[in-house]
2 protein chains.
Amino acid sequence: MLPIGTLAKRTGTKVQTIRYYEQIGLLPEPGRTEGGQRRYGDKDLDRLAFIRHSRQLGFSLEAIRELLELSDSPERSCAQVDAVAHRQLREVEARIDRLEALRSELRRMISECSADRVADCRILEVLRDHEECLADHHATGA
Amino acid sequence: MLPIGTLAKRTGTKVQTIRYYEQIGLLPEPGRTEGGQRRYGDKDLDRLAFIRHSRQLGFSLEAIRELLELSDSPERSCAQVDAVAHRQLREVEARIDRLEALRSELRRMISECSADRVADCRILEVLRDHEECLADHHATGA
DNA sequence: ATACAAGCTACAGTGGGTAGAGGTTCAAGA
DNA sequence: TCTTGAACCTCTACCCACTGTAGCTTGTAT
């Protein structure tokens, strides 16, 4: 039975994060010692590893919750798993598109500025006047 | 003199966001009517437009604060403005790189799964076992 | 005079954690 | 067995950039 610090090291997770996952119901409440310290088994290790790997691939905790539930019913069709993964892929692709648009805007802006003084700086001018605002008014994921 | 709702519409900002910008000192405290309602002038409109354009390009509020300060001293060299813009460009490029890595991982994962049942699902398997974890343990910007 | 849209303040919540205060427990060495 | 000290515990607040709500007040048009 592993204490929380060991679980943390093995999975590359912070101790607080593990407790946070427990708090939001992503990890089950583990057993405790008489003194009240958490003790984990291999199943917990696997589950946490699953969560961390999924996070590394950009899945939200809600999506991970869904994947974990699905993986608990091994006889079901995996179409739903596929759907979650595709959704994630689409989200990543959308973020890339958005960031690539930003990148070219920034590059253009920077390349146009050859001024010395702030008063003539093209960068600031673009930021002030920026006519062709980017399509939407959403956040940029900054 | 414009009330806050008009300013909001003209700049594509929510009313609460304008009050938030004021609260954190990004917008100056405007004049008020006798009854206590905010009234804005053209300078405020310009400043808010600058902020929104910069946000659309992904600049953080801290970076915007810096840009606004710089643009208040028109005789200074614009090298610092350039530096802020370049820093932003590098951040965007880094995020793109990261997301492109995620995208290919996701694509590979999805393409490998041709199972019917959750029990044989390659996607879940990859999430469980994912050996070659991506380089770092940072957040993904999700 | 009245109706009602639009304004006001203050506080809570989002996602995904992270940091710290202040106290307790576990395990190893003497 | 005692003592040390690292690791654990709970609870709370903080990060970013907003967004939403409750409950009230003000401005404006008719």
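Basis for what follows: all heavy atoms, side chains included, without hydrogens, waters or symmetry-related copies. Below, chain A is the first sequence line, B the second, and so on; all start at residue 1. What you are looking at is a predicted structure, and each value in this text was computed from that prediction instead of being measured.
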Could you go through E29(B) and R38(B), starting from their C-alpha distance and side-chain angles, then the distance that decides it, and tell me whether this counts as salt bridge (Lys or Arg N to Asp or Glu O under 4.0 Å)? CA-CA 9 Å; E29(B) 289 184 27; R38(B) 292 170 180 82; over 6 Å; no

Start with the C-alpha distance between R128(B) and E125(B), add both sets of side-chain angles, then the distance that settles salt bridge (Lys or Arg N to Asp or Glu O under 4.0 Å), and finish with yes or no. CA-CA 5 Å; R128(B) 272 194 288 273; E125(B) 214 170 304; 5.4 Å; no

Steps toward salt bridge (Lys or Arg N to Asp or Glu O under 4.0 Å) verdict (E69(A), R65(A)): CA-CA 6 Å; E69(A) 265 173 42; R65(A) 203 187 290 276; over 6 Å; no

Assess whether side chain to side chain contact (heavy atoms under 4.5 Å, CB included) is satisfied between D44(B) and L27(B), documenting all intermediate values. CA-CA 7 Å; D44(B) 299 305; L27(B) 285 177; 5.6 Å; no

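Here the P atom of nucleotide dC15(D) and the CD atom of E62(B) are 11 Å apart, to the nearest Å. Spacing between atom NZ of K9(B) and atom C1' of dG7(C) amounts to 12 Å, rounded to whole angstrom units. The CD-P distance, from Q56(B) to dA17(D), rounds to 15 Å in whole Å. Spacing between atom CE of M1(A) and atom C1' of dC8(D) amounts to 16 Å, rounded to whole angstrom units. Regarding R55(B), its CZ atom lies at a distance of 12 Å from the P atom of dC16(D), rounded to whole Å.
In this structure, of dC8(D), dA17(D), dT9(C), it is dA17(D) that holds the atom nearest to the side chain of L61(B).
Taking E91(A) as the reference, nothing meets the salt bridge (charged side-chain N to carboxylate O under 4.0 Å, His left out) condition, with sequence neighbours excluded. By the salt bridge (charged side-chain N to carboxylate O under 4.0 Å, His left out) test, E93(B) pairs with R107(A), sequence neighbours left out. The side-chain contact (heavy atoms from CB on, under 4.5 Å) check on A119(B) picks up P74(A), R117(B), with sequence neighbours excluded.
At a cut-off of 3.5 Å, with distance as the only test, no side-chain donor of Q23(B) or R19(B) sits close to an acceptor on the other residue. Between the side chains of R52(A) and Y21(A), at least one donor-acceptor pair of N or O atoms lies under 3.5 Å.
L127(B) places a side-chain heavy atom less than 4.5 Å from the side chain of M109(B).
Between K14(A) and dG16(C) there is no side-chain N or O to OP1 or OP2 distance below 4.0 Å. Contact between the side-chain N/O atoms of R38(B) and the OP1/OP2 oxygens of dG7(C) is not found at any separation under 4.0 Å. The phosphate of dG17(C) has OP1 or OP2 within less than 4.0 Å of a side-chain N or O from R52(A).
Looking at residues 15-27 of chain A, you'll see Q16(A), T17(A), Y20(A), Y21(A) sit with a heavy atom under 4.0 Å from some atom of DNA chain C.
Within the helix from dA1(C)-dT30(D) to dA30(C)-dT1(D), the inter-axis angle between the opening and closing five-pair segments is 20°, rounded to 10°.
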Letter per nucleotide, 5' to 3', of nucleotides 24-30 of chain D [B base touched, S only sugar-phosphate touched, - untouched; heavy atoms, 4.0 Å]: --BS---

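Between the side chain of Q88(A) and the main chain of L57(A), a donor-acceptor pair closer than 3.5 Å is present.
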